[in-house]
There are 2 protein chains.
Amino acid sequence: MLEIFDNVCILLAKSEQKHFQFTKKLLEEHGLGITPGQLVVLYALYKGDGVSITELSKKSYLDNSTLTGLIDRLERAHFVSRVDVPEDRRSYYIYLTEEANAIRDQAIAIMQSVAKTMLEGCSEEEVRVFRKVLLNIYEKL
Amino acid sequence: MLEIFDNVCILLAKSEQKHFQFTKKLLEEHGLGITPGQLVVLYALYKGDGVSITELSKKSYLDNSTLTGLIDRLERAHFVSRVDVPEDRRSYYIYLTEEANAIRDQAIAIMQSVAKTMLEGCSEEEVRVFRKVLLNIYEKL
DNA sequence: CAGAAGTATTTTGCACGCAAATTAAATTTG
DNA sequence: CAAATTTAATTTGCGTGCAAAATACTTCTG
């Protein structure tokens, strides 16, 4: 191991890449029919749906233009629906479907399972520091 | 802040995303003429060039198919050159050009600058734990 | 109220990144 | 040595993500 991982930037990038691939694999194995990106969007919507793209963008920390595509695919897969806003013809609200609510527990369980696996062997204190540094990175950059 | 960052998976993904964007911006501002992905490849090559795609793949932790494209663009930008291997006509060695060596110090400085900025305010001990957890994630997943 | 300014969403263009399939060459095997 | 297998690199297909431009609609201003 190591060599290139002497650089914390690269180590961060590669760990996230691994995390992404692992999540993708787990979602496939469990046959949820969603991708890692869609999982994040659903996770945000589980905390409250019936929101516009722009509102969802703030909740999910994803760009509007990224969400357009993700919502397209989620809609095609019948996990969300776009509902017109009468007062503003530019906008619409995004609602979860029954299908989406049906996989809610499983989806969240998979996320937790990924977290558990990747942090296995780390103490609570280490995880606390890890979260703190990640948050620091998010805020400083 | 928070809400969705209660989930460490999402926090990891978003922090990496920020890191990527910040690096991209810095590279552009300094006019290096390379992208974050290319920076990683160059970083691996600075540690030793004259390697095949497969060897570079191991050094850079990138897939062969990902490298093909990256090397294409680096070659077009005159930062690397493909040199045929006489003994094996399937393969070639990748060498850094003078242009690549000319930006070496600057490229590495930018990486270090990103690392410094994103870890600002964190103690050495916290950074040590952070690296340890990242490595754990890489190994466990 | 018409033109200007602002806002919501989408489209386009580019950069990653991997898996699976493909191509071409080298090596192993019968 | 010819066929089968393996190996090296590439291509194709899909998912993610942002910035900048485009589109369509709403709101503000004179």
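Residue numbers begin at 1 in each chain, while the letters A, B, ... track the order of the sequences. In this text, all values refer to a predicted model and were calculated from it rather than measured experimentally.
- Once you apply a 4.0 Å limit to the heavy atoms of chain B, the touched nucleotides of DNA chain D run 5' to 3' over D/dT7 to D/dC18.
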Show me, pair by pair, the donor-acceptor contacts under 3.5 angstrom made by side chains of residues 28-45 of chain A, not counting sequence neighbours?
unit_1  : atom_1 : unit_2  : atom_2 : d
A/His30 : ND1    : A/Leu26 : O      : 3.0
A/Thr35 : OG1    : A/Gln38 : N      : 3.4
A/Gln38 : OE1    : A/Thr35 : N      : 3.4
A/Tyr43 : OH     : B/Asp6  : OD1    : 3.1
A/Tyr43 : OH     : B/Asp6  : OD2    : 3.2

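- Note: CG (A/Asp63) to P (C/dA15) measures 18 Å, nearest angstrom.
- Toward the 5' end of DNA chain D, the nearer of the two residues B/Leu67 and A/Leu39, judged by each one's closest nucleotide, is B/Leu67.
- Note on A/Thr54: only backbone sugar-phosphate atoms sit closer than 4.0 angstrom, heavy atoms only; bases stay farther off.
- A/Arg90 has its CZ atom 17 Å from the P atom of C/dA5, to the nearest Å.
- Heavy atoms of B/Thr66 sit under 4.0 angstrom from at least one base atom.
- Taking the six-membered ring where tryptophan is involved, the planes of A/Tyr138 and A/Tyr61 are perpendicular, since the angle between them exceeds 60° and thus also 30°.
- Residue contacts for B/Ser65: at a heavy-atom cut-off of 4.0 Å it reaches a base atom on one of the strands shown.
- For A/Leu62 and A/Glu87, each mapped to the nucleotide of DNA chain D holding its nearest heavy atom, the one lying further toward the 5' end belongs to A/Leu62.
- Here C/dA15 presents its P atom at 10 Å from CG of B/Leu70, a figure rounded to the nearest Å.
- Following rounding to the nearest Å, A/Asp88 (CG) and C/dT9 (P) show an atom-to-atom distance of 8 Å.
- When the P atom of C/dA19 is taken as reference, atom NZ of A/Lys18 falls 10 Å away, rounded to whole Å.
- Distance CD (B/Glu28) to P (C/dA15): 10 Å, rounded to an integer number of Å.
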